Amino acid sequence: MQLEILSQSDSNTLNGLIQAARNIVVCCHKSPDGDAIGSSLAWAEYLRQVGKEPLIIVPDAFPDFLRWLPGVERVMRYDKHTAVCNARIAEADLIFCLDFNATNRVDDMQQALEAATAQRVVFDHHLNPQIDARLLVSLPQMSSTCEIVFCIVWQLGGFEMFSRQAAIAVYCGMMTDTGGFTYNSTRPEIYVIIGHLLTKGFDKDKIYRNVYNNYSSWAIRFRGYLMSQKLNVLNELNASYFCITRQDMKNFHFVKGDAEGLVNEPLRIKGQKLVISLREDTDKDNLILVSLRSVDDFPCNEVAERFFNGGGHLNASGGKLFCSMDEAERIVRDAIMAYADRLRA
């Protein structure tokens, strides 16, 4: 099966950029998820294989359930080491932008990234890329940026040297960005890639447990509370939503990642087509973080773009609102009603 995704010209360009670079930065989006962290770790490992010493910079914290990933101790947080990160970005001659399609996705790091004089390379699977790059590898049909990284490493002849640790990172990112291979994961190439990754000798079941069975008792109680007390199910519209306030998070000793994947849970309800979650930002007032999930051909990315200043994939999208939770809840209901005919169908 064909795993090569670059033209010969793009492959030559990428090799040339890597060989010429002396200071390389690898970065990803704000609130990094498994795909953002996994692809960054794996690509940085490949760069080390070819003799480079890249620095991975992430805008802010990533979830506790990803801290076991091999190599995370090398990751530098922009919000914790801003001056050092600004200096390294400014002196870079090559910056890899992984798993984001626009510079505003890096939040407070945006100004430094846009001011950088380095050549940029983008590996991403989100729609509508907006980053000015020397090389843009944008493949929305891919399950994850980790899948893109694997295919590029494979095409460049680097998989034989690819370490077990890098293979774990790629698998973790592919797994988390497909909800454990339950959506956006029907392409047969995905399972060919998994077969190759498993030759590196890791336990994929343990990776699943590390990610999905790694919550505190408070987190489990928190998730149960949200589903029993905060879930609004609109049965006649095959849709549901729930709201997470700062007080909810305080009551259950919330840490980043405690609500990860929870937006998928109501899709277990028979006939559900759309789920929307709203969460107050822990630091900024009147900022509501929105996650959307859907099934089959219902376009939650269209809903995200139209109502929530966001976008994403057909069945997994996100956005944000700049308002109170009460107003955000009204917007959610308006969004659901706007698609009532398609949700009932």
Side-chain angles (χ1 to χ4, degrees), residues 28-38 41 58-70 72-73 75 77 79-80 99 107 144 168-169 171-183 203-233 240-269 272 275-285 287-293 312 316-321 325 328-329 332:
C28 63
H29 59 73
K30 176 181 170 60
S31 299
D33 55 11
D35 190 30
I37 292 293
L41 290 171
V58 302
D60 57 359
F62 49 88
D64 280 356
F65 60 74
L66 295 175
R67 294 188 182 280
W68 60 271
L69 278 167
V72 292
E73 67 280 356
V75 175
R77 281 176 53 180
D79 60 336
K80 295 290 187 182
D99 201 38
D107 204 47
S144 56
I168 287 171
Y171 182 84
C172 181
M174 292 177 66
M175 180 188 74
T176 54
D177 240 32
T178 58
F181 305 103
T182 61
Y183 54 83
D203 184 343
K204 73 175 186 62
D205 300 334
K206 186 175 182 180
I207 293 175
Y208 183 94
R209 294 194 302 272
N210 284 348
V211 172
Y212 295 111
N213 300 347
N214 199 15
Y215 292 108
S216 69
S217 59
W218 278 111
I220 295 299
R221 292 185 176 96
F222 176 61
R223 296 164 79 87
Y225 163 74
L226 293 173
M227 291 298 95
S228 66
Q229 303 297 316
K230 303 298 289 287
L231 181 64
N232 298 275
V233 182
S240 56
Y241 71 91
F242 58 93
C243 308
I244 307 174
T245 67
R246 286 181 182 173
Q247 189 61 52
D248 293 331
M249 291 183 277
K250 182 179 179 180
N251 290 345
F252 289 89
H253 307 280
F254 179 88
V255 297
K256 197 162 194 174
D258 279 356
E260 187 76 19
L262 189 60
V263 67
N264 297 301
E265 202 64 23
L267 290 176
R268 295 173 180 265
I269 300 171
Q272 286 284 287
V275 180
I276 302 174
S277 77
L278 303 173
R279 179 170 70 81
E280 286 186 320
D281 187 79
T282 54
D283 301 315
K284 298 178 181 178
D285 293 335
L287 173 58
I288 308 295
L289 307 177
V290 185
S291 293
L292 305 92
R293 296 292 185 272
S317 301
K320 59 181 65 174
L321 293 170
M325 182 60 85
E329 188 171 0
V332 165

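Scope of the values below: all heavy atoms of this structure, side chains included, with no hydrogens, waters or symmetry mates. Please read all numbers here as calculations on a predicted model, not as lab measurements.
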Separation of Glu329 CD from Ile276 CD1 (nearest 0.5 Å):
11.0 Å

Thinking salt bridges, do Arg221 and Asp258 make one under a 4.0 Å N-O criterion?
no

Any heavy-atom pair between the side chains of Val72 and Phe62 that's under 4.5 Å?
yes

With side chain to side chain contact (heavy atoms under 4.5 Å, CB included) as the test, would you mind laying out the steps for Asp285 and Arg246 before giving the verdict?
CA-CA 10 Å; Asp285 293 335; Arg246 286 181 182 173; 2.9 Å; yes

Distance (rounded to the nearest 0.5 Å) between Lys230 NZ and Asp248 CG:
3.5 Å

Does a side-chain heavy-atom distance below 4.5 Å link Met175 with Ser144?
no

Just wondering, do Pro59 and Asp79 contact through their side chains at under 4.5 Å, heavy atoms?
no

Stepwise side chain to side chain contact (heavy atoms under 4.5 Å, CB included) check, Phe242 with Met227:
CA-CA 8 Å; Phe242 58 93; Met227 291 298 95; 3.8 Å; yes

Any side-chain heavy-atom pair of Ile269 and Val275 under 4.5 Å:
no

Side chain to side chain contact (heavy atoms under 4.5 Å, CB included) evaluation trace for Asp33 with Asp99
CA-CA 10 Å; Asp33 55 11; Asp99 201 38; 3.6 Å; yes

Before you tell me yes or no, could you show the steps for Ser31 and Lys256 under side chain to side chain contact (heavy atoms under 4.5 Å, CB included), namely the whole-Å CA-CA distance, both residues' side-chain angles and the distance that decides it to 0.1 Å?
CA-CA 9 Å; Ser31 299; Lys256 197 162 194 174; 3.3 Å; yes

Hey, could you give me the CG/OG distance between Leu289 and Ser277, rounded to the nearest 0.5 Å?
8.5 Å

Going by the rule side chain to side chain donor-acceptor pair (under 3.5 Å), which residues pair with Arg293 if we only count those two or more places apart in sequence or in a different chain?
Asn264

For residues Pro63 and Pro32, report the shortest heavy-atom separation together with the two atoms involved.
CD-O, 3.2 Å

Is any side-chain heavy atom of Thr176 closer than 4.5 Å to one of Glu260?
no

Do Phe222 and Ile244 have side chains that get closer than 4.5 Å, going by heavy atoms?
yes

Rounded distance (nearest 0.5 Å) linking atom OG of Ser217 with atom CZ of Phe252
11.0 Å

Roughly how far apart are Glu265 CD and Gln272 CD, rounded to 0.5 Å?
12.0 Å

The reported gap from CD in Glu280 to CG in Leu287 (rounded to nearest 0.5 angstrom) is 9.5 Å

So, the side chain of Lys204 versus the backbone of Tyr171: is there a donor-acceptor pair under 3.5 Å, distance only?
no

Please tell me if the side chains of Asp60 and Asp107 come closer than 4.5 Å, counting only heavy atoms from C-beta onward.
no

Would you say Asn214's side chain and Asn210's backbone share a donor-acceptor pair under 3.5 angstrom?
yes

Taking C-beta and beyond as the side chain, do Cys172 and Trp68 meet within less than 4.5 Å on heavy atoms?
yes

